[in-house]
Structures are given as C-alpha cells and as structure tokens.
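Notes follow the structure.
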Amino acid sequence: MGGLWVTRWARMAFCGWPWNHPGNPTRAAERVESCLRSGRSGTRGAERELRRLGTWRRPSLAVQPPRRPKSTNPFTRAQEEDWRRRNKTVLTYVAAAAVGMLGASYAAVPLYRLYCQTTGLGGSAVAGHASDQIENMVPVKDRIIKVTFNADVHASLQWNFRPQQTEIYVVPGETALAFYKAKNPTDKPVIGISTYNVVPFEAGQYFNKIQCFCFEEQRLNPQEEVDMPVFFYIDPEFAEDPRMVNVDLITLSYTFFEAKEGHKLPVPGYN
Amino acid sequence: MSTAMNFGSKSFQPRPPDKGSFPLDHFGECKGFKERFLKCLRDNHFENASCRNESKEYLECRMERQLMAPEPLEKLGFGDLIDGKSETKSEP
C-alpha cells in the first residue's frame with residue numbers, strides 16, 4: 001500500500017511540476033486534476049499511470065480480478081473450463097494420496113508391532129530357528145571350523161571365570177557342547193549376569209545357541225564353583241554363504257557383569 | 001556388544017538362546033559326565049564329532065535331575081546317535 005501512496009504523491013508532484021507555468025495556471029490545475037482523477041479511477045488507472053512512469057509491477061493476488069478464460073472462443077472456453085476442473089480434481093486426489101501416505105507411515109509402527117505379536121516372529125525376520133530345524137539338520141562334514149573360547153569378567157565382579165577347553169572343532173549342522181567354569185571366591189553370595197559376543201561378527205548370525213547361561217541372573221554362593229555349559233550349533237547355511245568362505249575360526253566370548261538388586265538389564269529380544 | 005567404533009557397519013546383536021538358560025548345577029550332580037566329556041575331547045584333539053555320545057549323556061543327566069527341560073534327543077541334534085549307538089563308535 002505504501003507503494004501506491006508514494007506513486008500517488010509522486011504522480012501529483014510530477015503532474016503538477018513541469019507544466020506549472022506561471023502563464024497557464026488553469027491549464028496546470030486541469031492537468032493536475034486529470035492526473036488525480038486518473039489516480040482515483042481504480043487499479044486500471046493506476047496501472048496505466050504506472051506504465052507511463054515505467055514502474056509498473058503486477059499487483060498482489062488480493063486485488064486480482066477473478067481469473068477469466070484465456071480464449072474468447074466459446075467452444076474452446078468450455079474445453080478450458082473442463083480442463084481446469086479436471087486439473088483441480090487431479091490435484092485433490094494427489095494431495096489426498098500424499099496425506100494418506102503420511103498417515104500410513106505413522107500408523108505403520110503400531111501395526112507392525114501387532115503383526116509381530118500375532119505371527120510370533122519377534123523382531124527377527126528369519127523364522128527358521130525352530131527346533132524342527134535342528135532335527136532335520138545335516139552336518140556339513142567337509143567344513144571344519146575351530147571355535148575358541150574366551151571368558152571375561154567385569155572389573156567389579158570378583159568371580160574366577162574361565163573356559164574349560166581352549167578350542168573345539170565343529171562342523172556346521174552339528175550340535176556341540178562346551179563348558180565354562182565360574183568360582184565365587186568371596187564370602188558373600190554374588191549374582192552375575194552375562195552376555196556374549198562372537199567374532200567375526202558376520203559369522204555371529206550363523207552361531208545359534210540352543211541353551212546357555214547368558215542373559216539370566218546366575219547366583220553363586222560363597223566359595224562355590226559351578227560348571228556352566230553352552231549348547232550350540234552352527235547353522236548349515238554357513239557353508240553356503242560366499243562371505244564365509246575364508247572363515248575358519250570363530251571366537252565365542254562371554255563377559256560376566258555383576259547384577260545389582262533391583263537393576264533390570266535390557267535383555268535382547270522383542271518385548 | 002562390540003566396542004569397536006564403526007558407526008557405518010552394523011553392530012553385533014546378541015540373541016537369546018533358543019531354549020533359555022541352563023539352571024546352575026549347584027551340587028555338581030552331573031560333574032562326572034562333564035569330566036568324561038572333557039577327557040574325551042582332550043584325547044581326540046578337541047574334535048566334537050568324536051565326543052557326541054558323551055555330550056548326549058551329559059545332557060541326559062541334566063534332564064534326569066531337573067537341571068534341563070526334558071526334550072526328545074532328536075530335537076537336540078542327536079537323532080543319529082539314538083538309532084545305532086555302535087555305529088558312532090566306528091566313525092572317525
């Protein structure tokens with residue numbers, strides 16, 4: 001709006017000034033009046049004046065007149081109206097689809113959780129670690145893998161924790177048993193909880209434990225020593241994975257931590 | 001639980017065991033079986049294939065003494081051992 005005011009004043013000043021000859025006072029007044037009148041004649045007048053001045057700029061959308069069809073031919077006008085209507089419906093559909101996609105992406109989280117609960121897949125995309133798989137497993141006898149064992153203890157836990165065999169030679173598809181030993185040399189019962197790690201980690205996805213002693217609290221009484229077995233197997237598909245061709249050594253490493261009373265450790269798995 | 005700081009590659013995801021955790025053998029009831037198994041391993045250069053009978057016996061001991069949920073041996077991968085015990089002894 002400020003722009004229009006400026007131009008109006010400028011128009012007045014401009015209109016009045018060059019023709020303000022002392023000899024023709026009435027003519028100058030006429031001219032100023034005509035200028036002013038043209039200024040008040042609406043946007044079209046302003047447009048004409050500004051075009052003369054060379055500072056014409058398209059007015060804002062608010063003052064734009066309703067859109068008229070570009071052609072004046074009555075036949076093509078109907079077609080244009082039709083196109084315009086069709087464009088509007090297409091635009092509406094596209095906008096609705098975009099909003100629908102956004103809503104679907106938000107809804108996917110609880111829906112996926114529902115799906116996991118009903119089908120029981122529980123976070124792992126592979127549903128094949130069932131016990132009937134073990135039953136029908138065929139050992140791949142020509143692929144011998146050495147499994148070494150490592151035992152670690154967190155600094156605050158005073159147990160003596162070590163494996164009872166340094167290594168074991170297994171083949172994929174064969175179930176194997178291994179032992180760790182833990183001793184509590186203190187005079188107080190201590191509760192420990194352990195986790196494990198498999199190196200190389202790509203082979204870890206083929207390392208399946210049927211039963212072990214990890215992720216659950218294990219309580220050792222004072223001066224008690226127990227054997228802790230690990231019952232595991234290596235998936236027979238290990239032999240068919242091209243990335244595992246050079247893998248001959250797998251290291252299973254267990255680490256024990258002290259479990260404090262009331263402290264719940266996050267257990268892997270889908271809750 | 002890998003401590004290496006590789007942010008690009010996937011980290012190791014420990015998985016819970018299929019059948020859960022072994023209860024602790026506080027009274028050493030199956031210790032004899034375990035010793036036999038370990039001795040077998042040491043004698044056979046730590047080859048698991050030679051000592052599957054002993055491991056089967058250890059697990060059977062556990063199942064008898066309520067230290068392990070009873071499971072048919074086929075489901076534990078010992079199907080071939082049940083059919084012919086004499087056959088496995090001749091295997092290399």
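Order of the sequence lines sets the chain letters (A, B, ...), proteins ahead of strands, with each chain counted from 1.
In terms of heavy-atom pairs under 4.5 angstrom with chain B, the leader among A/Val226, A/Val170, A/Thr175 is A/Thr175. With chain B as partner, the option from A/Gln211, A/Glu224, A/Lys209 having the largest number of non-hydrogen pairs under 4.5 angstrom is A/Gln211. Among A/Glu225, A/Met228, A/Lys146, A/Gln164, the residue with the largest count of heavy-atom pairs under 4.5 Å with chain B is A/Gln164.
Between A/Tyr254 and A/Tyr196, the ring planes are tilted. Angles from 30° to 60° get that label.
In this structure, no portion of A/Val171 lies under 4.5 Å from any heavy atom of chain B. Residue A/Phe232 does not touch chain B at all, counting heavy-atom pairs closer than 4.5 Å. Within the 4.5 angstrom heavy-atom criterion, atoms from both the backbone and the side chain of B/Leu76 approach chain A. The contact between B/Phe37 and chain A is made entirely by side chain atoms (from C-beta outward), counting heavy-atom distances below 4.5 Å. For A/Glu167, the parts sitting under 4.5 Å from any heavy atom of chain B are the backbone and the side chain alike. Proximity to chain B is limited to the side chain of A/Glu216, based on heavy atoms less than 4.5 angstrom apart.
B/Arg62 forms a cation-pi arrangement with B/Phe22, by the criterion of a distance under 6.0 Å to the ring centre and an angle within 45° of the ring axis.
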Checklist entry - After noting the C-alpha distance and the side-chain angles of A/Glu202 and A/Arg243, does the key distance pass the salt bridge (Lys or Arg N to Asp or Glu O under 4.0 Å) rule? => result CA-CA 8 Å; A/Glu202 293 94 0; A/Arg243 290 179 302 159; 5.7 Å; no
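Side-chain contact check for A/Thr251 and A/Thr148: at least one donor-acceptor pair (N or O, by modelled atom type) lies under 3.5 Å.
In summary, A/Arg86 and A/Asp82 do not engage in a salt bridge, as defined by a charged side-chain N under 4.0 Å from a carboxylate O. Under 4.0 Å is where a charged nitrogen must lie from a carboxylate oxygen, and between B/Lys56 and B/Glu60 at least one such pair does.
The main-chain N or O of A/Lys188 is found under 3.5 Å from a side-chain atom of A/Asn184 such that the two form a donor-acceptor pair.
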